[in-house]
Amino acid sequence: MAANLPLSPITHHFCLRSGFGSRALTTHRFCSPSFLISSPCFIGLTGLGSASQLRARRSLISSAVATNSMLHDVGATVAVLGGAYALVVSFESLTKRNVIQQSLSRKLVHILSGLLFVLAWPIFSGSSEARYFAAFVPLVNGLRLVINGLSLSPNSTLIKSVTREGRPEELLKGPLFYVLALLISVVFFWRDSPIGMMSLAMMCGGDGIADIMGRKYGSVKIPYNPRKSWAGSISMFIFGFSISIGLLYYYSSLGYLDMNWGTTFQRVAIVSMVATVVESLPITDQLDDNVSVPLATILAAYLSFGN
Ligand SMILES: Nc1ccn([C@@H]2O[C@H](COP(=O)(O)OP(=O)(O)OP(=O)(O)O)[C@@H](O)[C@H]2O)c(=O)n1
Ligand SMILES: C/C(=C\CO)CCC[C@H](C)CCC[C@H](C)CCCC(C)C
């Protein structure tokens with residue numbers, strides 16, 4: 001627990017404005033004890049040196065903190081990139097050994113990649129640049145998909161675990177749109193907004209489960225779209241809603257979100273319903289689900305929660 005150190009007016013205003021009150025001082029680099037000790041107000045109170053000496057000390061501490069954050073984020077990026085590679089290789093191995101079918105492998109990679117990516121966001125530092133380090137992961141995977149999709153250097157592992165029929169050009173559709181959705185969520189919304197994480201909950205968790213449950217139990221089709229079923233859509237709503245609530249609770253408990261739980265359940269239910277209805281529409285040939293579902297979720301969540 002950080003000591004309640006006296007803050008310089010600027011630091012105090014910044015820490016409180018950015019929602020980092022005393023309980024979260026240790027979670028944000030500009031409100032961490034090392035930065036506070038260097039603030040002129042604290043030093044002025046304790047008479048620890050001339051103002052110019054103290055400013056020099058403060059800039060030294062600030063650059064040390066910035067370097068520390070960058071090394072932290074480089075490590076987190078390498079770890080998450082390794083996790084992404086390990087996930088794809090693992091499912092390719094299961095498919096190659098006929099432990100699971102290729103279609104199920106693709107859906108499990110669809111469900112797990114994005115959700116594990118969102119769950120990994122807190123391992124990045126509290127710096128304002130952290131989101132761009134995190135964005136490097138979908139960016140690299142997007143480039144992998146393009147390079148393999150154009151058969152510039154075919155990678156059978158990726159093609160086996162991520163395509164329906166083993167054709168490289170498939171990588172340039174659903175999987176590429178999927179990775180772009182991850183990139184947009186992390187860069188524009190990150191962990192301090194419910195919008196990005198909800199769009200991934202519906203695209204990864206909801207749409208992924210809809211496919212698995214729909215193929216298995218989807219005998220009763222939706223009247224306006226015979227390619228989709230009530231079982232698939234109801235599953236999408238239930239799992240998308242549940243995963244969204246789980247992610248919002250996860251990020252609230254870590255101090256990144258401050259949700260009004262009296263209204264959050266209804267708002268999430270509305271957003272989940274909008275995403276589920278959009279996914280059920282007969283527009284897949286014109287607009288991939290990995291575009292329509294996250295877009296619909298982002299719009300509905302923005303209107304429901306604000307930015
Ligand atoms: N609401 C839904 C969604 C999917 N499905 C079942 O799951 C299959 C694939 O669904 P879809 O979401 O269209 O998967 P694709 O996007 O085509 O596959 P991928 O995401 O792997 O590209 C459908 O043909 C259908 O049998 C369903 O019954 N009801
Ligand atoms: C099959 C897919 C979509 C079709 O609907 C998913 C494609 C997934 C990519 C090939 C890999 C994406 C990896 C993520 C960017 C990072 C995951 C990190 C996590 C820790 C495993």
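Just so you know, these numbers use all the heavy atoms, side chains as well, and skip hydrogens, waters and symmetry mates. Note that ligands are numbered from 1 as they come in the structure, with each ligand's atoms numbered from 1 the same way.
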Any chance the side chains of T163 and R167 put a donor and an acceptor closer than 3.5 Å? no

Would you say S105 and T95 are linked by a side-chain donor-acceptor pair, where the criterion is simply a distance under 3.5 Å? yes

Quick test: of every protein heavy atom, which one is nearest to atom 9 (C) of ligand 2, and how far off is it to 0.1 Å? V179 CG2, 4.2 Å

List the atom pairs, with distances to 0.1 Å, where a side-chain N or O of residues 242-249 and a protein N or O form a donor-acceptor pair under 3.5 Å, not counting sequence neighbours.
unit_1 : atom_1 : unit_2 : atom_2 : d
S242   : OG     : I238   : O      : 2.7
S244   : OG     : G240   : O      : 2.8

Can you list the ligand 2 atoms lying under 4.0 Å from a non-hydrogen atom of V137? 16 (C)

Check K216 with D211, please: is the shortest side-chain N to carboxylate O separation under 4.0 Å? no

So for S113, does at least one of its heavy atoms come nearer than 4.0 angstrom to any atom of ligand 2? yes

Would you say N290 and ligand 2 have an N/O pair spaced under 3.5 Å apart? yes

K221, NZ: over 12 other non-hydrogen atoms inside 6.0 angstrom: yes

Any atoms of ligand 2 less than 4.0 Å from a non-hydrogen atom of L182? List them with their elements. 14 (C), 15 (C)

Look at atom 5 (O) of ligand 2 and say which protein heavy atom is nearest, naming residue and atom and giving the distance to 0.1 Å. H110 ND1, 2.7 Å

Give me the residue, atom name and distance of the protein heavy atom closest to atom 11 (C) of ligand 2. N141 OD1, 3.9 Å

From the candidates F117, F177, Y178, Y85, the one that places a heavy atom nearest atom 7 (C) of ligand 2: Y178

Residues around ligand 1, heavy atom under 4.0 Å from any ligand atom, sorted by chain and number. Can you pull those? R106, K107, R164, D207, A210, D211, G214, R215, R227, K228, S229, G232, S233, E279, D289

Chi angles and distances behind the side-chain hydrogen bond (donor to acceptor under 3.5 Å, both in side chains) call for S185, S199: CA-CA 8 Å; S185 294; S199 73; 3.1 Å; yes

Q53-S50 side chain donor-acceptor pair, cut-off 3.5 Å: yes

Is the closest side-chain donor-acceptor distance between N225 and S280 under 3.5 Å? no

Step through the shown structure and confirm whether more than 12 heavy atoms of other residues, nucleotides or ligands are within 6.0 Å of CD on E169. yes

